[in-house]
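Each chain gets a letter, A, B and so on, in the order the sequences are listed, and its residues count up from 1.
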There are 2 protein chains.
Amino acid sequence: MGTPQLTKNQSLVMGALAHSEGPMSAYTILDKLRDQGFRAPLQVYRALDKLLEYGLVHRLESLNAFVACTCPHEHEHDHGVTAFTICEGCGQVTEFHDEAIEERLSALVRGQSFKTEKTTIEIRGHCKSCA
Amino acid sequence: MGTPQLTKNQSLVMGALAHSEGPMSAYTILDKLRDQGFRAPLQVYRALDKLLEYGLVHRLESLNAFVACTCPHEHEHDHGVTAFTICEGCGQVTEFHDEAIEERLSALVRGQSFKTEKTTIEIRGHCKSCA
DNA sequence: TTGCACACGTTATAGCATAACGCAATTGAT
DNA sequence: ATCAATTGCGTTATGCTATAACGTGTGCAA
Ligand SMILES: [Zn+2]
Ligand SMILES: [Zn+2]
Ligand SMILES: [Zn+2]
Ligand SMILES: [Zn+2]
């Protein structure tokens with residue numbers, strides 16, 4: 001299955017994230033959308049749940065925040081393991097993917113007979129400009 | 001250098017984590033330590049900050065929880081990148097380290113001229129018993 | 001003695017996330 | 001068409017996670 005038509009709330013949240021420079025918390029999104037009628041956190045969280053499910057948005061666990069997916073290709077397939085660099089200086093987040101890491105992690109985890117459902121890789125530090 | 005003598009609060013928090021089967025949130029730790037005189041979250045968070053700094057404890061970003069480090073060796077050196085498998089069924093957390101992943105990530109990040117300060121790798125899924 | 005660093009205690013507040021209720025619109029049988 | 005199931009939506013209330021800001025006491029060095 002691909003991505004279904006987004007509902008109004010989902011589109012608004014997606015738009016807010018897509019036009020944002022960096023990651024946003026759910027409450028920041030809420031504040032951005034008050035003028036479009038948003039009143040309560042659940043409106044944001046429910047939209048985010050769907051967008052995460054569709055793979056249009058990623059959650060940054062170490063930030064309790066969300067970013068629009070920056071994958072170039074269409075979102076009609078699982079894009080395996082996603083990793084992020086997160087600059088503590090300017091807040092810039094860069095998404096990247098790597099087969100080698102994915103396979104190495106997969107092998108290690110197989111050794112534990114562990115069944116992976118979701119992998120989080122987040123690298124905090126400073127980007128080139130903020131070094 | 002190395003790990004200084006722990007204060008009373010730090011020892012209590014460390015003990016609670018070391019004797020726990022799985023990860024604990026700061027508030028769960030607080031509840032476990034009420035009988036030893038803990039009254040407020042900050043008592044826990046301040047101790048955790050130090051224990052994290054000394055490398056005796058790890059924070060699980062995807063759980064907002066903490067675990068005692070299970071590294072076999074002494075804690076007198078940085079143990080590079082730490083990764084975890086986290087079972088959604090039984091809560092079991094397994095810490096592991098891998099040079100190959102560390103170097104691959106390091107190379108990828110160097111390509112962005114990014115300076116790493118902290119790396120988070122957490123794999124959620126189900127362990128052998130909970131498959 | 002004075003100043004500093006550090007741990008500690010307490011109260012209050014900020015920030016993140018979900019439970020539980022009810023309603024409305026959609027879909028897809030029967 | 002009708003009914004049931006699903007899904008999205010709005011609202012209120014609540015719970016969980018983390019830190020700000022203040023003051024105290026202790027140990028140690030200048
Ligand atoms: Zn992506
Ligand atoms: Zn930067
Ligand atoms: Zn460790
Ligand atoms: Zn398990």
Side-chain angles (χ1 to χ4, degrees), chain A residues 1-17 20 22-54 56-67 86 88 91 118 120 122 124, chain B residues 1-17 20 22-54 56-67 86 88 91 118 120 122 124:
Chain A
M1 271 279 323
T3 301
Q5 184 65 19
L6 297 185
T7 67
K8 179 164 183 250
N9 283 5
Q10 287 159 21
S11 295
L12 286 167
V13 169
M14 190 66 221
L17 280 173
S20 163
M24 300 173 87
S25 78
Y27 278 76
T28 303
I29 295 171
L30 173 58
D31 287 337
K32 295 261 184 205
L33 295 180
R34 289 208 187 270
D35 291 346
Q36 340 304 322
F38 274 50
R39 312 297 314 266
L42 261 197
Q43 295 175 277
V44 179
Y45 281 110
R46 291 204 270 230
L48 284 172
D49 283 346
K50 286 302 182 183
L51 296 172
L52 289 165
E53 180 186 327
Y54 303 152
L56 298 175
V57 162
H58 298 291
R59 175 181 168 82
L60 300 174
E61 300 289 352
S62 69
L63 248 33
N64 294 326
F66 304 84
V67 285
I86 303 170
E88 313 266 9
K118 173 149 199 299
T120 297
E122 297 176 17
R124 306 281 292 265
Chain B
M1 271 289 322
T3 302
Q5 184 66 19
L6 298 185
T7 68
K8 180 166 181 244
N9 284 4
Q10 288 159 20
S11 295
L12 286 167
V13 169
M14 190 65 221
L17 280 173
S20 162
M24 300 173 87
S25 78
Y27 279 75
T28 303
I29 295 171
L30 173 57
D31 286 337
K32 295 262 185 205
L33 295 180
R34 290 209 186 270
D35 292 346
Q36 341 304 322
F38 274 51
R39 312 297 315 267
L42 260 197
Q43 296 176 276
V44 177
Y45 281 109
R46 290 205 270 230
L48 284 172
D49 282 346
K50 286 301 182 182
L51 296 172
L52 289 166
E53 180 186 328
Y54 303 153
L56 298 175
V57 161
H58 297 291
R59 175 181 169 83
L60 299 173
E61 301 288 353
S62 68
L63 288 182
N64 294 326
F66 304 84
V67 285
I86 302 170
E88 312 267 8
K118 174 149 199 299
T120 297
E122 298 177 16
R124 305 281 291 265

request  = Would you kindly give the CG-to-C1' distance between A:Leu42 and D:dT14, to the nearest whole Å?
outcome  = 11 Å

task = Would you check if A:Leu17 and A:Leu56 make a side-chain contact, meaning some heavy-atom pair closer than 4.5 Å?
result = no

ask   = When you check the gap from the basic side-chain N to the acidic O, do B:Arg46 and B:Asp49 get nearer than 4.0 Å?
value = no

inquiry  = Tell me the interatomic distance from A:Asn9, atom CG, to C:dA24, atom P, rounded to whole angstroms.
reply    = 17 Å

ask   = How far does CG of B:Leu48 sit from CD1 of B:Ile29, to the nearest 0.5 angstrom?
value = 5.0 Å

request  = Provide, to the nearest angstrom, the distance between the NZ atom belonging to A:Lys8 and the C1' atom belonging to C:dT26.
outcome  = 18 Å

query = Between atom CD in A:Gln5 and atom C1' in C:dT27, what is the gap in whole Å?
reply = 16 Å

ask   = Which part of the nucleic acid, if any, lies within reach of B:Arg46 when heavy atoms closer than 4.0 Å are counted: base, sugar-phosphate only, or nothing?
value = base

ask   = Can you tell me how far P of D:dG15 sits from CG of A:Asn64, to the nearest Å?
value = 20 Å

request  = Write down the distance between OH (A:Tyr45) and P (D:dT14), rounded to a whole number of angstrom.
outcome  = 19 Å

ask   = Is any side-chain N of the basic residue among B:Arg124 and B:Glu122 closer than 4.0 Å to the acidic one's carboxylate O?
value = no

request  = Report yes or no: is there a donor-acceptor pair, N or O only, under 3.5 Å between the side chain of A:Tyr27 and the base of C:dA17?
outcome  = yes

task = Provide, to the nearest angstrom, the distance between the CD atom belonging to A:Gln43 and the C1' atom belonging to D:dG10.
result = 6 Å

key: Short side-chain N/O contact from B:Thr7 to OP1 or OP2 of C:dC8, under 4.0 Å   = yes

task = Please check the phosphate of D:dT17 (OP1 and OP2 only) for any side-chain N or O of B:Arg59 closer than 4.0 Å.
result = no

Atom-to-atom span, CE of A:Met24 to P of C:dG15 - whole angstrom = 15 Å

